[in-house]
Number of protein chains: 2
Amino acid sequence: MKGIRRLAQELDISIGTVSRALNGRADVSPETRQRVLEAAAAMGYVPNQAGRSLRQGNTNAIGFMIELGADANGGNDNFFMGVFDGVQSVLARHHLDLVVLPCPTGEDPAVYLQRMMARRLVDGLIISATHRKDARIDMLTKMRIPFITLGRSNTPGDYPWIDLDFDGAARRAVDRLVSAGHSRIAIAVPSNDINLGFIFLDGYKAALARHGLAFDPALVVRVPSSELGGYQLGHELLAMKERPSAVILNYELLALGLYRQLGEAGLQAGRDLAVIGFRENPVSRYMSPRLTCFRLSLTGLGAAIGEALLATMPAYAEAYPLGRTQRIWPMELVPGESDGA
Amino acid sequence: MKGIRRLAQELDISIGTVSRALNGRADVSPETRQRVLEAAAAMGYVPNQAGRSLRQGNTNAIGFMIELGADANGGNDNFFMGVFDGVQSVLARHHLDLVVLPCPTGEDPAVYLQRMMARRLVDGLIISATHRKDARIDMLTKMRIPFITLGRSNTPGDYPWIDLDFDGAARRAVDRLVSAGHSRIAIAVPSNDINLGFIFLDGYKAALARHGLAFDPALVVRVPSSELGGYQLGHELLAMKERPSAVILNYELLALGLYRQLGEAGLQAGRDLAVIGFRENPVSRYMSPRLTCFRLSLTGLGAAIGEALLATMPAYAEAYPLGRTQRIWPMELVPGESDGA
DNA sequence: GACATTGCCGTAAACGTTTCTGGAAATTTC
DNA sequence: GAAATTTCCAGAAACGTTTACGGCAATGTC
């Protein structure tokens with residue numbers, strides 16, 4: 001005899017009562033509940049999740065899908081670790097657990113997602129590295145699985161999302177550079193179809209226009225989001241006929257390769273080329289010269305993701321007034337030495 | 001009507017036969033099997049994992065527990081992403097899925113593990129960031145859950161583990177520095193009780209002894225495994241009465257902070273202080289000067305972990321001759337410019 | 001042609017929960 | 001003190017699978 005049945009036998013009561021006592025239902029006397037809880041603790045009883053899932057049709061777990069391919073989310077640094085912490089802080093309030101689902105490099109994210117959802121492993125899902133046209137969004141809406149995307153997409157629909165303030169970052173970077181006297185400002189965007197690149201570029205264009213500067217397509221450099229990409233970026237910048245005096249990066253670690261390329265040419269960021277990076281992280285803080293970039297609260301972002309997701313799940317929604325489930329997460333500019341200010 | 005029952009009704013055969021057909025059992029006629037498979041595909045049927053788990057008592061998933069606390073595994077860079085890929089390449093052969101379990105910062109890893117295992121979410125487990133005395137090991141052996149640790153521990157027992165070649169790296173770093181003429185060689189080790197620090201230090205000591213050099217405890221600097229730790233390390237090195245001419249790092253990103261500290265004192269790695277880092281990664285490759293460090297195959301490591309774990313699980317063991325489930329993963333020195341050679 | 005074997009399939013039990021239903025006992029109500 | 005209500009619990013069904021068992025027909029064996 002195992003599980004709840006054994007517990008019931010031990011206490012000489014029915015398994016139904018044991019279950020109700022453990023789950024805090026009303027119709028069980030205080031003393032019986034007490035006995036059950038004590039016996040459960042003593043015997044180290046924990047309910048079998050498979051049985052519970054089968055019966056109630058849920059799993060009490062939330063999934064977070066990430067893509068392992070380095071290019072897809074820019075080298076996978078400590079970004080997600082902070083976000084996971086934030087998400088869990090919210091889920092813990094409801095006894096929900098977080099499981100991370102890593103899509104292998106080279107596997108189609110949509111196919112992977114299909115496989116994982118078929119397992120019915122989670123009740124809700126967070127997906128990241130949103131592509132411009134993302135098949136996963138249609139799939140999840142069709143499957144009626146609650147989800148939220150970290151990153152906007154162009155896929156139409158009324159699904160919830162949260163995204164970093166790419167437009168704002170691009171705009172403020174341009175503003176800062178223009179007021180420092182720069183007029184020829186290059187921009188680096190990812191070479192794949194991840195959506196953030198398009199938004200970043202749009203923000204850049206809009207900011208230029210507001211300053212009355214013409215948009216020059218030659219100043220848009222598409223490179224993979226990696227240190228090597230930064231090195232290539234440097235090469236392209238130096239090879240330009242009319243060399244720009246500043247560059248804005250969509251990904252902070254591009255600066256490493258860029259710095260190296262500049263160094264090999266006897267040049268230095270901040271002095272010979274103004275550089276504004278993207279997200280502040282431990283590496284950008286210790287590069288020389290220190291990178292001017294944008295700070296955000298990773299755990300705060302994670303918590304916002306968790307709350308927005310729960311707001312769309314009927315079982316938890318009452319605690320989270322639906323409100324805005326589509327929002328832009330703010331970033332704050334932290335000046336470094338790389339923009340020559 | 002849902003699930004297998006609906007499928008059976010549609011085909012007008014029993015659910016037992018459907019199940020056997022889908023699971024490739026022998027006693028079902030070829031044409032029936034064909035019909036079932038086609039109907040399942042047409043209706044988009046996928047077996048309910050909860051029902052299956054409940055019946056067969058397993059989950060067809062393997063867990064990989066990581067710790068989010070930045071200090072615990074050295075800043076969480078792309079290390080794990082590569083390993084996940086390798087693990088999945090092996091698991092896929094057996095239709096096993098990988099789920100990553102991120103232990104929140106600040107939560108006791110053993111408590112977290114207990115919670116997750118109670119959910120019976122996975123059939124086997126990989127744990128990382130092994131501590132010198134690791135409560136999780138006793139817990140898992142007691143629970144009879146197949147597991148493997150990424151990182152040795154001092155906890156006694158015959159459990160499987162894989163570890164990076166910390167001793168070899170320390171030894172070869174010392175060898176290289178000594179033959180370049182250095183005799184006062186400092187070493188950085190983590191300030192917490194993560195086990196790799198002790199092994200790294202032991203390798204260092206042994207190598208010194210082999211060269212007839214005395215071990216000087218003053219040359220052992222304990223700092224957190226982060227860029228800031230590297231900065232502190234630089235401070236301590238520069239403040240030493242008898243300043244060392246070389247330093248060996250247990251974690252490559254320490255070099256970033258160290259470089260900065262040196263730069264602020266007008267010094268440079270390679271020229272004024274020989275530096276040998278630990279693991280090669282994209283960042284270390286683009287630091288200036290490029291860090292001398294050790295290369296390893298992350299996906300290879302992941303695959304080895306997966307195979308060693310499966311070798312201990314009865315259901316899969318036959319494919320993996322038990323052999324050595326305790327092994328050291330090799331690393332290859334890649335010369336940079338930071339050691340002045 | 002009687003018998004044993006084989007191939008295929010239906011039936012039903014089991015996995016560990018939760019929850020619906022009913023009902024006995026205790027309490028309250030007039 | 002009978003009726004109505006409440007409190008608490010037992011019993012059983014249900015969730016979706018897998019699999020042990022048995023049986024019927026078809027095939028093989030002498």
Side-chain angles (χ1 to χ4, degrees), chain A residues 1-37 39-40 43-61 95 97 117-123 143 314-315, chain B residues 1-37 39-40 43-61 94-95 97 117-123 143 315:
Chain A
M1 189 100 45
K2 277 168 56 181
I4 204 175
R5 199 157 259 115
R6 166 132 177 272
L7 197 50
Q9 180 179 353
E10 203 81 18
L11 293 165
D12 200 30
I13 56 182
S14 79
I15 61 171
T17 304
V18 173
S19 176
R20 285 190 311 259
L22 291 172
N23 292 4
R25 314 291 292 225
D27 55 350
V28 48
S29 75
E31 47 268 49
T32 309
R33 185 189 307 280
Q34 183 67 16
R35 286 209 310 144
V36 170
L37 290 176
M43 296 173 52
Y45 167 80
V46 285
N48 178 301
Q49 183 62 34
R52 173 177 277 186
S53 289
L54 185 56
R55 172 62 219 226
Q56 10 187 64
N58 65 11
T59 66
N60 295 313
H95 298 286
D97 287 314
M117 288 305 98
R119 299 183 97 260
R120 287 178 180 72
L121 197 64
V122 297
D123 297 333
M143 286 175 148
Chain B
M1 188 101 43
K2 277 169 57 183
I4 204 174
R5 198 156 261 116
R6 164 132 177 271
L7 196 51
Q9 179 180 351
E10 203 81 17
L11 293 166
D12 200 31
I13 57 182
S14 79
I15 61 170
T17 304
V18 174
S19 175
R20 284 189 305 259
L22 291 172
N23 293 5
R25 314 291 295 224
D27 53 350
V28 48
S29 77
E31 48 268 47
T32 309
R33 183 188 309 279
Q34 182 68 16
R35 284 210 310 144
V36 170
L37 290 177
M43 297 174 52
Y45 167 80
V46 285
N48 177 302
Q49 182 62 33
R52 175 177 275 185
S53 289
L54 186 57
R55 171 63 218 224
Q56 9 189 63
N58 65 11
T59 66
N60 295 312
H94 305 276
H95 298 286
D97 288 314
M117 290 303 98
R119 297 184 99 261
R120 285 179 182 71
L121 197 66
V122 296
D123 297 334
M143 285 176 147

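Remember, predicted model here, so these are calculated numbers, not experimental data.
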Gln49(B) atom CD is separated from dT17(D) atom C1', nearest whole Å, by 10 Å

- Query: Reckon Arg25(B) touches a base, only the sugar-phosphate, or nothing at all at heavy-atom distances under 4.0 Å?
  - Reply: sugar-phosphate

Discussion item. Check this one for me: any side-chain N or O of Lys2(A) less than 4.0 Å away from OP1 or OP2 of dC15(C)?
Written reply: no

Under 4.0 angstrom, heavy atoms only, what part of the nucleic acid is Val46(B) near: base, sugar-phosphate, or nothing?
sugar-phosphate

* Presence of Thr32(B) side-chain N/O under 4.0 Å of dC8(C) phosphate oxygens OP1/OP2 -> no

When rounded to whole Å, the CZ to P distance for the pair Arg52(B) and dG16(C) reads 18 Å

- Query: Does OP1 or OP2 of dT19(C) have a side-chain N or O of Gln56(A) closer than 4.0 Å?
  - Reply: yes

With heavy atoms under 4.0 Å as the rule, sort Gly3(B) into base, sugar-phosphate or nothing. sugar-phosphate

TODO: For dC9(D), take OP1 and OP2 only and decide whether either is under 4.0 Å from a side-chain N or O of Ser29(A).
DONE: yes

5'-most contact on DNA chain D (nearest-nucleotide basis), Gly51(B) vs Asp27(B), goes to Gly51(B)

When Asp12(B) and Asn48(A) are each assigned the nearest nucleotide of DNA chain C, the 5'-most assignment goes to Asp12(B)

**OP:** Respond yes when some side-chain nitrogen or oxygen of Thr17(B) is under 4.0 Å from OP1 or OP2 of dC9(C), and no when none is.
**Re:** no

